[in-house]
Amino acid sequence: MFENIDSTFYQALCFLAAGAAFGLCYELLRFIRMLFRHHAVVVFIEDTLFFTVCGFVSFIIALWVGIGYFRIYYIAFEVLGASLYFLTVGRLLNSVLRHAVKGLKRCLYAFYKKIGPRLAVLFVPYAGKIKAWFSNIAENLIKPLFNRKKHLKSTEEMLYNNKVHSSVQLNKGGEGRGVIKAQIRKKT
């Protein structure tokens with residue numbers, strides 16, 4: 001099956017535009033990363049999700065534009081479109097975004113300096129109540145785990161209470177006077 005050169009050119013332009021659009025969408029992630037610090041794991045997860053969505057959208061576009069066929073030059077034109085975007089408009093937009101983020105951070109810091117103490121006065125009493133509530137929940141859930149009874153061992157062995165306090169003096173054998181020996185035998 002031979003295709004018309006016009007439809008091939010149209011498909012190539014669609015994927016060139018899609019690559020540029022994906023580059024523009026990636027600028028939003030760049031802006032968020034410039035504004036707020038991200039851990040490397042979070043960056044990895046964001047990039048993985050972004051490229052997964054890009055792959056899915058590329059597949060949908062390929063089915064729509066290619067009428068059910070997928071060709072390798074679709075990916076090539078998509079990469080070319082993203083590269084052209086990052087080398088031209090992306091560079092300009094990135095420098096503008098850096099200056100905008102610096103100004104926005106200054107404004108947010110000044111706003112926080114003026115409003116932060118007032119917000120702290122409002123929310124500190126509630127924070128104490130919420131902290132007490134969460135600590136009660138944690139205490140009720142975790143405390144029973146530590147207070148479980150330990151089952152007896154199935155073999156015969158000697159158990160020692162090895163908690164030797166500083167006030168207990170050691171005997172010649174290296175045991176303190178406060179150490180309790182016990183031989184436990186399992187009943188059969």
Side-chain angles (χ1 to χ4, degrees), residues 9-148:
F9 185 69
Y10 172 72
Q11 293 168 359
L13 283 179
C14 285
F15 278 93
L16 196 72
F22 291 149
L24 184 64
C25 292
Y26 195 77
E27 289 294 333
L28 178 65
L29 282 177
R30 273 189 183 180
F31 178 72
I32 292 170
R33 290 176 188 164
M34 283 185 224
L35 197 57
F36 305 108
R37 288 185 179 211
H38 283 64
H39 192 269
V41 174
V42 176
V43 171
F44 174 75
I45 291 170
E46 286 175 349
D47 283 346
T48 303
L49 289 174
F50 176 77
F51 287 115
T52 302
V53 169
C54 287
F56 182 72
V57 170
S58 297
F59 180 71
I60 297 299
I61 293 172
L63 290 178
W64 177 55
V65 172
I67 311 168
Y69 293 103
F70 186 80
R71 292 163 183 86
I72 195 69
Y73 66 87
Y74 292 170
I75 296 172
F77 275 99
E78 201 168 57
V79 169
L80 181 66
S83 299
L84 288 175
Y85 169 79
F86 283 121
L87 293 175
T88 56
V89 178
R91 277 190 174 179
L92 295 172
L93 192 59
N94 197 12
S95 64
V96 169
L97 282 178
R98 285 192 180 164
H99 293 296
V101 165
K102 284 181 185 177
L104 189 59
K105 280 186 177 181
R106 284 188 205 132
C107 290
L108 288 175
Y109 183 72
F111 180 74
Y112 176 74
K113 276 294 228 191
K114 290 184 179 181
I115 303 298
R118 293 180 185 144
L119 289 176
V121 169
L122 288 175
F123 290 111
V124 165
Y126 298 115
K129 291 178 184 177
I130 292 171
K131 181 181 176 186
W133 187 66
F134 277 111
S135 64
N136 286 338
I137 290 174
E139 194 174 297
N140 291 332
L141 291 176
I142 295 172
K143 196 173 182 180
L145 295 175
F146 290 115
N147 292 337
R148 281 192 346 210

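Both backbone and side-chain heavy atoms feed into the values below; hydrogens, waters and symmetry mates do not.
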side-chain contact (heavy atoms from CB on, under 4.5 Å) evaluation trace for Phe77 with Gln11: CA-CA 9 Å; Phe77 275 99; Gln11 293 168 359; over 6 Å; no
Pairwise distance NE2(His99) to CE(Met34) - rounded to 0.5 angstrom: 10.5 Å
Please output the side-chain donor-acceptor pairs of residues 82-91 that fall under 3.5 Å, not counting sequence neighbours, one pair per line with the distance.
from, atom 1, to, atom 2, distance (Å)
Ser83, OG, Val79, O, 2.8
Thr88, OG1, Leu84, O, 2.6

Parallel, tilted or perpendicular: rings of Phe15 and Tyr74 (30°, 60°): parallel
Residue pair Glu46 / Leu29: nearest heavy atoms and the distance that separates them: OE1-CD2, 4.2 Å
Pairwise side chain to side chain donor-acceptor pair (under 3.5 Å) hits with a residue in residues 106-117, at least two apart: none
Leu80 CG to Ile75 CD1 distance, which is reported to the nearest 0.5 Å: 13.5 Å
Listed partners of Leu104 passing side chain to side chain contact (heavy atoms under 4.5 Å, CB included), at least two apart: Phe31, Leu35, Leu108
Nearest non-hydrogen partners of Arg30 and Asn94, listed with the distance: NH1-ND2, 3.1 Å
Under 3.5 Å donor-acceptor pairs involving side-chain atoms of residues 54-68, not counting sequence neighbours:
from, atom 1, to, atom 2, distance (Å)
Ser58, OG, Cys54, O, 2.8
Ser58, OG, Glu78, OE1, 2.9
Ser58, OG, Glu78, OE2, 2.6

Test side chain to side chain contact (heavy atoms under 4.5 Å, CB included) applied to Leu13 - qualifying residues, sequence neighbours left out: Phe9, Leu16
Partner residues of Arg98 under the salt bridge (charged side-chain N to carboxylate O under 4.0 Å, His left out) criterion, sequence neighbours left out: none
